[in-house]
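Quick note on labels: first sequence line is chain A, next is B, and so on, each numbered from 1.
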Amino acid sequence: MALFDASRFYRESESAMEMEKLVSLCKRRGFLFQSSEIYGGLQGFWDYGPLGVELKRNVKDAWWRDMVTGHDDLMTPPGAPEPYEMTGLDCTIIMHPQVWKCSGHYDLFHDYMVDCRESKRRYRFDQVRGRWCEYNGRRVFVTTMAEADTMEEDLQRRALKLFKLRGKDADKLDWDAEILDLPQVDKLSDVLGPDARETGTLTEPREFNLMFKTIVGALGGDEDAAFLRPETAQGIFVNFKNVVDSTRVKIPFGIAQVGKSFRNEITPRNFTFRSREFEQMEIEFFCHPNSSQDWYRYWRDRRMKWYTDLGLSGERLILREHDPDELSHYSTGTADIEYAFPFLPPGEFGELEGIAHRGDFDLRSHMEGKLDEKSNPLVVQVGADGKPKWRGSGKDLTYLNQETKERFTPHVIEPSAGADRATLAFLCEAYSEDEAPDDKGNMQTRVVMKFHPRIAPIKAAVFPLVKKDGMPEIAQQIYRDLKPSFNVFYDEKGAVGRRYRRQDEAGTPYCITVDSETLAEQTVTIRDRDSLEQTRVKVDDVADEIRRRLS
RNA sequence: GCGGGUGUAGCUUAGUGGUAAAGCCCUGGCCUUCCAAGCCAGUCAUGUGGGUUCGAUUCCCAUCACCCGCUCCA
């Protein structure tokens, strides 16, 4: 089954070809498979194969080690305002439904959509706005998706067209003053869709539930509905008090979590880039409001460096700071770390991680009730009855600085990374082809996955040059010596050149080969994946040498 | 969800209303002293479900998946 059939002009493009080859290699070598493939697959779900699981685990382990367990609580890292502590959590996928109401996901992820039968476009029900317009006894609700500054112009133009009038007849149109949202209109048959030429082309609004819904309890009905988490972050916010009370951490500190999240994406596409089940690596960093700007900048740069340190090139990786008008007003900064995936058109980038300054929005929402994102200063969002739309926990999630006796609601910096997206970026970055001579000296194309050694699924392969003269026995002993410390692989089948090539495709950085000199001098060769160079080291020093090169 | 395209072995491709072909890969063996060599043998496929037909991989319908363009993207 063709996993990636780049068609039309995209077939010409080098990057699409590269993507096609990468997808093929991922399946052939066992990095990634379609979920439930023998039943035809399931859209938006992917399985990691034997090599893929090692790769992804290495990515997650590197993140956890670099952000949490390896973090030095006592020092001030470069760029940081002061020392800080890091700790971790592992929360459940299913949480109290109120969590998602206060986080805003419930409202945001329960979109009602209308389709236009004529233009085949789809709109969010609550985002379509317009005005009633009357001409010649006919009353029509004209809608537009245009921005506020061009809205009037667009409405008038489209109304004139509908009524077959010229521009000079504009004053014959009788407009209602009020701008209404589509949900405020009773009859959709009177509505002129934003891209339609006739009225009545919009379908009734249909619910699109972007959170996976499930039932808690065997006999559960709708009142027992629960949701699979669409992000891991909320588990951290609702455990903020638990962590503070149980660990003696002091602000500033961060809580990290790695885990699965689920979003019922309308259009999963681009290999694993947009999956319905995916894994996140998130940090919620809690700090004093006064220093939050400095911490935001620190985390933005720190996270960018993490990717480059693991081998993503500066050319394909960008840090994109959001424009002020893209931000919620309570956020004083958001940056995306983006990668130029080969499946994207030239010049476009896909998000690997977002670093957001979230202010006190999340903690306050879980205390007081869901805040209104549009309010300034932030106030609890109220329903039609004047009561909070979604009640908060009522628990005190503020923080008391014991020394200064200052009590405040911490501000939050949120570096939120996609583990699958990072893994995919590392796969794309690693894929390369070069030329290497075969045993006859003819140049052959060599496919090699140039993973950073830290994330390479297999760290080293051990080969006897030939299957005789006691070489396999020596090689097996080296394999056994290394295996407790590293994921190493033993292979004695076929020509050694073929074994090297297989490891190149798996991205194994080093191959250790036992040859006749091993028998005489107790030395082996270590072959470098990228340079093809071989260096000779003593058998007893192999483990140290591999360890040195991997660190 | 809409429109278009594509589904034959792990991969790349043939082909047919009547036994589905090849190369590479893979597995085993022989041979091999450093980069996909050679020889022998072997495993493995018409996405799924219907319909038409004596017979469907081929024709028709539906469905699923992937790709492209819309749409969506907290």
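Nearest nucleotide to the side chain of A/L42, out of B/C66, B/A65, B/C35: B/A65. Comparing B/C70, B/C11, B/C35 by their closest approach to the side chain of A/R269 singles out B/C70. Checking B/A65, B/C35, B/U32 against the side-chain heavy atoms of A/K468 singles out B/U32 as nearest. Distance from the side chain of A/R536 is smallest to B/C34 among B/U32, B/C34, B/C66. Between B/U32, B/A65, B/C35, one nucleotide has an atom nearer to the side chain of A/V466 than all others, and that is B/U32.
Side-chain atoms of A/Y39 and base atoms of B/C64 include no donor and acceptor less than 3.5 Å apart.
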Let me check I have this right: for RNA chain B, each base becomes ., (, ), [, ] or |, based on Watson-Crick or G-U pairs with both distances under 3.5 Å. What is the full string? (((((((..((((....[..)))).(((((.......)))))....(((((..]....))))))))))))....

Quick test: give all pairs of protein nitrogen or oxygen and nucleotides 39-43 of chain B nitrogen or oxygen below 3.5 Å, distance rounded to 0.1 Å.
none

With the criterion being N/O to N/O and under 3.5 Å, what pairs connect the protein with nucleotides 23-28 of chain B, and how long is each?
residue, atom, partner, partner atom, Å
B/C25, OP1, A/R498, NH1, 3.3
B/C26, OP1, A/R502, NH1, 2.4
B/C26, OP2, A/R498, NH1, 2.9
B/G28, OP1, A/K493, NZ, 3.0

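A donor-acceptor contact under 3.5 angstrom links the side chains of A/S292 and A/H357, judged on distance only.
Taking the six-membered ring for Trp and the full ring otherwise, A/F278 and A/W46 have centroids separated by 6.0 Å or more.
Nucleic acid contact for A/S103: none, since no nucleic acid atom lies under 4.0 Å from a heavy atom of the residue. Across all strands shown, A/R527 has heavy atoms under 4.0 Å from base atoms, whether or not it also approaches the sugar-phosphate.
For the pair A/E37 CD and B/U48 C1', the interatomic distance rounds to 14 Å; values are reported in whole Å.
For the pair A/R527 and A/Y510, the cation-pi criterion (under 6.0 Å, within 45° of the ring axis) is not fulfilled.
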